[in-house]
Every structure is written in structure tokens, then in C-alpha cells.
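Notes follow once the structure below has been shown.
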Amino acid sequence: MDFLTSCYFVFTFIGLYYLSLFTLIYLHNFKHIYDWKKPKKEYELSIVIPCYNGADGIEKTIRQLSESDYPGLKKIIVVDDCSTDNSYEIMKECEKKYKKLLVVQTPKNTGNAAGAKNYGASFVETELIGFSDDDAYPNKDAISKMVGFFNNPKVGAVTSRVLVQNRNKFISKVQSIEYKLIAFTRKLFGFIDAIYVTNGPLSIYRNEIFKEIKGFDEKNLTEDIEITWNILSRGWKVHISMLATVYTTAPEKFKIWAKQRLRWNAGGIQTILKYKKEFLRKGMIGWFIFPYFVSAWILGIFGLGLLTYRITRYLLTQYLSTTYSIGAETAILRMNDIAFSPSVLFFFGITFLTLGILFNLNALAHSRKESEHFKKENVFDLIIYMFVYLLLYPIILIASLYKFARKDYSW
Amino acid sequence: MLKSQKHVFWEALLVTTLIFIVGIFLGNMLEKNRVEKIDEYYAQSEISLMDILIFQDIVKANETSCEILIKSNLEFADKIYNEALILSKYNNQQLTEGAELAQKRYSLLRTLLWMNVIKTQKTCEENFNSVIYLYQINPKDLTIKAEQKVFSKVLEDLKNEYANNIILIPIAVDESFISLNSLIENHEIEKLPAIIINDRIITEIPTKEELKKYMKN
């Protein structure tokens, strides 16, 4: 067996392992995916919303949160991070309308969401502290579907399901599929205590833990991933409520999308390096989340390299044989050239692909059943997501490594 | 919350291993089936060649029936050529060594046929066209790979035009074969792919018309 064949086998094995793992978790728990608990008591909660030039969405975010049906929501603190647009004026107008709203402004621009979040957190004294984004729109019942998870004293953080609000452009439609699948798999991760990120659009933490860990890491590009790893590494549990739906605005331009993904990945690398000592050491973070992250990245980059190598070789051979065929005055393509004789690797690939498609379709069907806002996905969008969009991931990852190596920690 | 579910990690490992074992087993079955098919062809070809070799000796002794001998060689070469086309489909990414071994045995069988053609040419002194195509199995060099594709196509054109009036023997060269390498050395062939057309050696990509110039009749 040559090197490439061995690589294919290793890839297929690891891929099939993760797929089997997700499928088994699903089969064991599919009745509990949309479970939620009524809070044993009325946990007092404050929500902090960092805002920098968010004039387009901040009013709607404030309105949505103010209309929350959770009675324990005491305060909504909007932190203006010295915006250069009219966000602050909009917030101040809102402050007159909504009683729970407190508008504050950072002394100077912090340069990242973590800075503004930490600044806003300094005004919070409630038992629970939540965070949202200036372009996130939680459902009325989102918070009340989350807080019950804190009945378990071991739970340190609860996150929500994020869906895409704007689905009018192709790129945002594809992201809409991605977000649904992310939420579904994240819930599956929750059943094995392996949720590795509490998202920015709506997540709630125990304030005592938040204070203990001194808030978000302002040097990290993905403070929401870092804080989750921090909480997990201290032995707390993290959950996601699938009934707590929050809508976000997905990038509608490729450039903005790529920038966002570069930041996410570079932040992921920062987090991995920060917690490298946890590798194979402590609980799920060391035994599963860390190896999962690292193996997914290695497979992604190596897989892209392998694919590029095979495609380049194929194209070069085709180019050369076409040139030679023209010179030799013979046919460029014959039936023999397209004769197909599948090997065992081909069948493995097809099995893996089929199982992957079935898993994704099931995840989407599951979301459709439970979400009133779910729109049926277009088959074409789904095909593009699976066969084009996912292939961009390793490219983004390589670019992120470059960004990280250059110490470019800009947003 | 739900009780610990750490057991799913082991279950997933078990399921994946099972899928893999079943996959490898089915893959081996598939390849075994192919190798069996090749072996069947090979057994028939071996019988036909033995028959020709014996007949060759009879012809040599009696100095008669050259016409039948050449006809047999032509028919056999035709069969070998068609089998080579089938065999070439099974070249890539095989897990077992069965297909590779079958390729090697075929190469030797074809070498034997080539030697027999040389003998027949001497015994019968009659005009017939022999074309030996020497190539590499799965070359790493892309230029050679592309060249071989085109060599095959040009020879297929030639074969289509001359039908059963040409002995075309494609031989995959293996460095371990003393007999084949000796023949290659005797013909002073320094690079592959190469065509030996009626004792003329061609190592650059030819056109069909160029090859026709070296054909008899």
C-alpha cells in the first residue's frame, strides 16, 4: 500500500469515527434535543450588549431584549465603544423608551468586543450575566428557555441557537444552512459535555465564575471560545438551549465573510495555544475538544494539500496528453479514457459522503420540525454548501495561520 | 442533566472499526473477483500460446503451414491486445498484490509471444507486421504518463486500420525480468515508452502516418 492510499485510509477512518460519534449521540438523545427546564427560582440577570458603529441594528436588538418574557431580566446595559456613527444617539433615545436600559460609554475605544463587554460587566451585580451582539435579535422566550439550565449548580454557562436573519443573498443562504448545522452538532456536543464555544449573539454565565476568571480575554480574537475553554477547564459544565433562538446578521459580502472567518480561526489558534497544557489532561477539554480541534485542522489542511496535489497532477497530465495528442494527430479523448473501474477507496469515499449527506439532511429536517421560523432549504444551496463552501474552510484556516504567525490580531 | 454518555466514544470506535473491516473485506472480494477474471483470461492465453509454440516446432520440422502459424500468431496477438485493454482498467489503487502479479505474469507471457514472433519471422520469412509497445506501469513522471497515453492512442488507431493484419503486443516493463530486459538491451532501447515496429525503434511520439511508413505491404 503506497503513502497516498494509507493517507486516504487514515482520513476516512477519522472522518467516519466523528460521523459515527455524532450519529450515536443523536440516536441516544434525539428525544432530548429540544429539552429545557423551568427555572427553580427567578435568577436575576443582566444582559450586556457591546456596540461599535452598530447604528443599523442596535435599536432592534434593544427592543427584542426588552420584550423578553423572562421576569428576572433586571438590566440591559448597552456599551458604546466610542462609535463614530450615530449609535450612541440611538441608544440614548432608546434609554428614554425602555426602563431596564442603561447606556454607558467606554472612556476610549477598546478595539474589540471583549473590552466593551468587560466594561459593561463592571456595572452588573446580578447572579447571572448575559451577553448579546449589536446585530443579534433574540426571540421573546429565548432567555426563559435558557436560565432553567442553571438549576444544575455545576452549570457555568448556557448558550443559545443562532440562526441567520438575512437570507436574501446566496452567501447568506449558505451560511443559514451552516448555522443550523452548527447549532445541531453543538447540541450533540452538549450531551457529552463538550460544547467548546458560547456564542456572541446570546450566552449567559454565572456572574461569580465570570468575575473569578476576570471576564473575557481582551487579547483573544474569539473571546467567546476562550471564555468557554476557561470555564470548562475549571470543571464547570456548559449547555445549549435549542429552543433559545437568536437571529444574527450574516455577512453578505465574501470579503467580510472571509475576514470574520479569519478572525474566528486565528482566535481558535490563540485559544489552543493558551490551553495547550490541558491536552490529554483534564476532562472533556483535554480528552476530546482539544484533540477534535487539532485533528480537524490537521485533516483539513492536509486534505486540501492532498486534493490540490491530485487535481494538479491530473490537470497537468491532461494538458500534456492533449498537447501530445494534437501533435500526434490523434483523438484527445476516447471511451477508454473515461472507462471507470472503482476501487475500494472509491466505495469508502462514497459511503462516507452518503452518510455525511444523510446526517446533514437529518439535522436540517430536525431543525425544520422544531423551529417555526425555519425555511425549507434550497437543494442547490445545500449542494453548494457541501461541495464548495466546506472546501473553503481549509483555505481560510491556512490564511488564519498566516494571520496568526504575523501577529495580526486586528478585528 | 442526562447521565454520563462517555461510552459513545467506544461505541463509535467499534462502529467505525466494523464499517472498516466490512469495507476492507468487500474491497478484497472485489479485487479477488477481478484477479480471478484476469487469471481466467491468462489461463486461456497461456494455453493458446503453448499451442502456438508447439505448432511452431512442427512447422520448423516440416517447413510447411507457415500461413497457419502466422494466422495463429495474428489471432493470438489480437486476443492479447484486447485483454491488455481490459487489464489496464484495473491498474490504479489496488490494495492487494493480486492484480500486480497478474500484470507481471501477463508481461512475461507477452514477452514469450514477442520471442515467438521473432522466431516465426525467421522460420517463415514471410511478410507480416509486428509492433511491440514497451511501456511503464503507473509511471511517477507526468510527462511519461502523458506520452504513454498518446502512444496507446496512436497504436489503437493503427490497430483499427490494420485490424487482424498486425501483431501488436503491448508489454509492461518490469525491471525484475531478466528476459525482457535482455531483449530491450539487445534492441538498444534506452527510454520508455518505445515502439519496435518491424525492427525499427521509435521513442518519440509518432503520428499514425509516420508509423505506416514502417509497415510492410
Side-chain angles (χ1 to χ4, degrees), chain A residues 1-2 4-5 8-9 12-14 16-25 27-29 32 35 37 149 152 154-155 190-193 237 239 284 287-288 313 316-325 327-332 334 336-337 339-348 351 355, chain B residues 1-2 4-20 22-31 34 85-86 88-97 99 138 140 142-158 204-211:
Chain A
M1 202 187 298
D2 63 7
L4 280 185
T5 311
Y8 287 134
F9 274 119
T12 314
F13 191 89
I14 297 175
L16 268 177
Y17 176 76
Y18 285 133
L19 198 55
S20 305
L21 185 68
F22 291 142
T23 308
L24 285 168
I25 297 170
L27 291 174
H28 284 300
N29 301 287
H32 303 287
D35 278 2
K37 288 183 186 299
F149 285 86
N152 181 346
K154 290 179 182 170
V155 172
F191 290 115
I192 52 168
D193 297 327
K237 288 181 185 294
H239 282 292
M284 288 307 286
W287 280 106
F288 180 70
R313 271 185 75 87
L316 269 174
T317 312
Q318 286 304 113
Y319 169 74
L320 287 170
S321 70
T322 304
T323 314
Y324 295 157
S325 296
E329 296 164 11
T330 186
I332 291 168
R334 300 256 166 113
N336 280 349
D337 296 331
F340 180 57
S341 167
S343 69
V344 62
L345 292 174
F346 173 81
F347 289 116
F348 265 126
T351 308
L355 291 175
Chain B
M1 264 304 119
L2 296 166
S4 170
Q5 301 203 0
K6 308 286 189 298
H7 55 89
V8 285
F9 290 101
W10 297 109
E11 286 174 11
L13 188 64
L14 192 73
V15 169
T16 312
T17 311
L18 269 174
I19 294 174
F20 241 72
V22 171
I24 299 283
F25 177 74
L26 290 176
N28 274 326
M29 293 269 284
L30 177 85
E31 284 188 15
R34 284 175 183 171
L85 290 179
I86 297 169
S88 66
K89 288 184 202 166
Y90 302 148
N91 259 348
N92 297 321
Q93 292 174 334
Q94 302 300 322
L95 299 180
T96 61
E97 290 183 344
N138 296 330
K140 293 275 178 282
L142 294 185
T143 319
I144 295 174
K145 201 172 179 174
E147 274 179 5
Q148 289 192 171
K149 277 178 94 169
V150 182
F151 264 76
S152 303
K153 283 194 272 190
V154 174
L155 288 173
E156 197 181 334
D157 292 342
L158 193 73
E204 299 302 323
I205 300 170
T207 62
K208 186 179 79 177
E209 296 308 316
E210 279 164 3
L211 291 181

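So you know, we letter chains A, B, ... as the sequences are listed, proteins then strands, and number each from 1.
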field: Choice from B:Leu26, B:Thr143, B:Thr207, B:Leu142 maximising heavy atom contacts with chain A below 4.5 Å
entry: B:Leu142
message: Less than 4.5 Å to any heavy atom of chain A: does that hold for the side chain of B:Ser152, its backbone, both, or neither?
response: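 The answer is neither part of B:Ser152.
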message: Can you tell me which portion of B:Glu147 sits under 4.5 Å from chain A's heavy atoms? Options are side chain, backbone, both or neither.
response: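 When you check distances to chain A, atoms from both the backbone and side chain of B:Glu147 fall under 4.5 Å.
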Which heavy atom of [X] sits nearest to which heavy atom of [Y], and what is that distance?
X	Y	answer
A:Ala328	B:Val150	CB-CG1, 3.8 Å
A:His28	B:Val8	CD2-CG1, 3.3 Å
A:Tyr17	B:Thr16	CA-OG1, 3.2 Å
B:Ala146	A:Ser321	CB-N, 3.6 Å

query: Considering residues at least two apart in sequence or located in another chain, which fulfil the side chain to side chain donor-acceptor pair (under 3.5 Å) criterion with A:Gln318?
result: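 Side chain to side chain donor-acceptor pair (under 3.5 Å) check on A:Gln318 returns B:Lys149.
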- prompt: Can you name the residues that form a side chain to side chain donor-acceptor pair (under 3.5 Å) with A:Thr351, not counting sequence neighbours?
  reply: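 Expected list: none.
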Measuring from [X]:[atom1] to [Y]:[atom2], what's the distance to the nearest 0.5 Å?
X	Y	atom1	atom2	value
B:Glu204	A:Tyr324	CD	OH	9.5 Å
A:Glu329	B:Glu209	CD	CD	7.5 Å
B:Thr17	A:Leu16	OG1	CG	10.0 Å
B:Phe9	A:Ile192	CZ	CD1	3.5 Å
A:Phe9	B:Ile24	CZ	CD1	4.0 Å
B:Ile19	A:Leu355	CD1	CG	6.0 Å

message: Need one label for A:Phe288: side chain, backbone, both or neither, based on atoms under 4.5 Å from any heavy atom in chain B.
response: side chain
message: So for A:Thr12, is it side chain, backbone, both, or neither that comes closer than 4.5 Å to the heavy atoms of chain B?
response: both
- prompt: So among B:Leu155, B:Val154, B:Ile205, which one has a side chain to side chain contact (heavy atoms under 4.5 Å, CB included) with A:Thr330?
  reply: B:Val154
